[in-house]
Amino acid sequence: MKPRSVRLWSLIFFMAAGMGMAQTTIQTSAGTSENLENAGASARAFGMGSAYVAVSDDPSVFFWNPAGLTGLSNPQLALHHDSYLAGTFQETLVYAFPAQSLGGLAFAINYVNWGTLDLRDDNGNSQGSFNDSDVGLNLGWGKELAKNFSVGLAFQGVQQKIVDSLYYDFAARAGLLWIPGENFQLGAAYSNLGTNVVGYSLAQSLQLGGAWRTKAAKNLGLLLTMQGNWQPQGVSLLQWGVEGNLDHAFMLRGGYELPFNGQITGGGTALSAGAGVRWGACTLDYAFVPYGSFGVANHLSLSYDFPAPQPQVVQVPVTIIQKVIVQAPAPTPAPVAADSKSLVQMKFKIPADEARGSLNTSQLDAQIQEALQNIKSDPQNARFWWKLGYLYYQSRQKDSAIQCFDQVLRLSPDNADLKKWVESYRSAQP
């Protein structure tokens, strides 16, 4: 046996231990392999049996389905520690954040230590031992292309050290996410499109699944997941996961896997379990994955949620009035259509007092609430600010209306007609 072959046989040992156990996705078939850097890292996912392809509220989802990155609401930094068999362990650092129009982005760096391995020559004579390690870099991207429909891509490069030689491989993952209902999601991902690992092709796989959220009680939420994991020449699985959370502060998890072909190696139970606790912006998760006679894998994750980025808006002293009380009819500015660049171009005059038309209190209230939501989603849109100002003016909240028009002018300073009207209105006030 050549020295450089030792790592390959060690890899096969670990892969055999993981046959059918997709919690660590170290699976193999004839002529295929999958290194630990492709295995993901999240203790939360491992505790749920890795039935994770339809989840979208966790940055580490890009190890399963990068389209789920569109569900990020704020930046997050996470450190994952995964302890496998025979002293093998992996450390993963992940940073993910929402990037506005670009979608969700995630970056990760992996370090895998394969422990102490025996080195032997072609005749089986011992040549001592060595420690082997790998480093992987990951990039993930997810974006909503249409309402409730997202796509994602993830790329990974790995540097592998085998005795005194360095090897490099590359892998990619593509994913889709569809949200047909408020609490229901469907996901699909195809993994391990890439180069060979020590001469063996990566074990490609297709995952299809769903996730459903519900309330078991007032303070108890449930997340139920299920997916099929199909490998063209490997072990295919049906996976289930469940997570219960109490006030989003204490979590319990469980997972189960049913192989379509092959069997769990080493007397493994195909079960996994985990728990988590959240305090403030920090979350600590743990997962326990038994491998029968081969031992146990332990997974630990620590994450920190950064405050959600606030939109950069020019200061505007507009009071958001949630309940509108419409009083007497008020004078109304006359709107005109915006130009092709969607900037507000309007002609104004100071009209005499006139009726509000057909709008009643409830209609105004509904339209103002809609305008408020539009501004929250896109605070740089001058049209939204003008509409809110116009509605405030109709409800006789003139000070708030003028402040909204001032914001329109900050966003669209070349709007001469609006500027003239605002100045004329202010000059006409006592």
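Remember, it's a predicted structure, so these values are computed and weren't measured experimentally.
The side chain to side chain contact (heavy atoms under 4.5 Å, CB included) test applied to A216 returns L220, L222, not counting sequence neighbours. Residues meeting the side-chain hydrogen bond (donor to acceptor under 3.5 Å, both in side chains) test with T225, sequence neighbours left out: none. A99 is linked by a side chain to side chain contact (heavy atoms under 4.5 Å, CB included) to F97, L102, L105, counting only residues two or more places apart in sequence or in another chain. Taking the side-chain hydrogen bond (donor to acceptor under 3.5 Å, both in side chains) definition, one finds that E144 meets it with nothing, sequence neighbours left out. F62 meets the ring pair (Phe, Tyr, Trp, His ring centres under 6.0 Å) test with no other residue; sequence neighbours excluded. Taking the ring pair (Phe, Tyr, Trp, His ring centres under 6.0 Å) definition, one finds that Y304 meets it with F306, sequence neighbours left out. In terms of the side chain to side chain contact (heavy atoms under 4.5 Å, CB included) criterion, residue partners of S303 (sequence neighbours excluded) are, by chain and number, Q76, A78, T283. Residues forming a side chain to side chain contact (heavy atoms under 4.5 Å, CB included) with L176 (at least two apart in sequence, or on another chain): F149, V151.
For the pair S395 (side chain) and Y392 (backbone), a donor-acceptor distance under 3.5 Å is present. S272 places a side-chain N or O within donor-acceptor distance of the main-chain N or O of G49, the cut-off being under 3.5 Å.
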D57/Q185 under side-chain contact (heavy atoms from CB on, under 4.5 Å): CA gap, chis, key distance, verdict: CA-CA 11 Å; D57 60 351; Q185 300 183 170; over 6 Å; no
Using the side-chain contact (heavy atoms from CB on, under 4.5 Å) rule, take V94 and H80 through it: C-alpha gap first, then chi angles, then the decisive distance, then the call. CA-CA 8 Å; V94 180; H80 305 284; 3.9 Å; yes
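Classified by interplanar angle (parallel below 30°, tilted 30° to 60°, perpendicular above 60°), the ring pair Y84/H299 is perpendicular.
Listed by first and then second residue, the salt bridge (Lys or Arg N to Asp or Glu O under 4.0 Å) pairs that reach into residues 229-243 are R44-E243, E243-R253, sequence neighbours excluded. Listed by first and then second residue, the salt bridge (Lys or Arg N to Asp or Glu O under 4.0 Å) pairs that reach into residues 289-305 are R278-D305, sequence neighbours excluded. Screening residues 92-108 for salt bridge (Lys or Arg N to Asp or Glu O under 4.0 Å) gives no qualifying pairs among residues at least two apart or on separate chains.
Donor-acceptor pairing under 3.5 Å is lacking for the side chains of D406 and W385.
Taking each heavy atom of T88 and W114 in turn, the nearest pair found is OG1-O, 3.6 Å.
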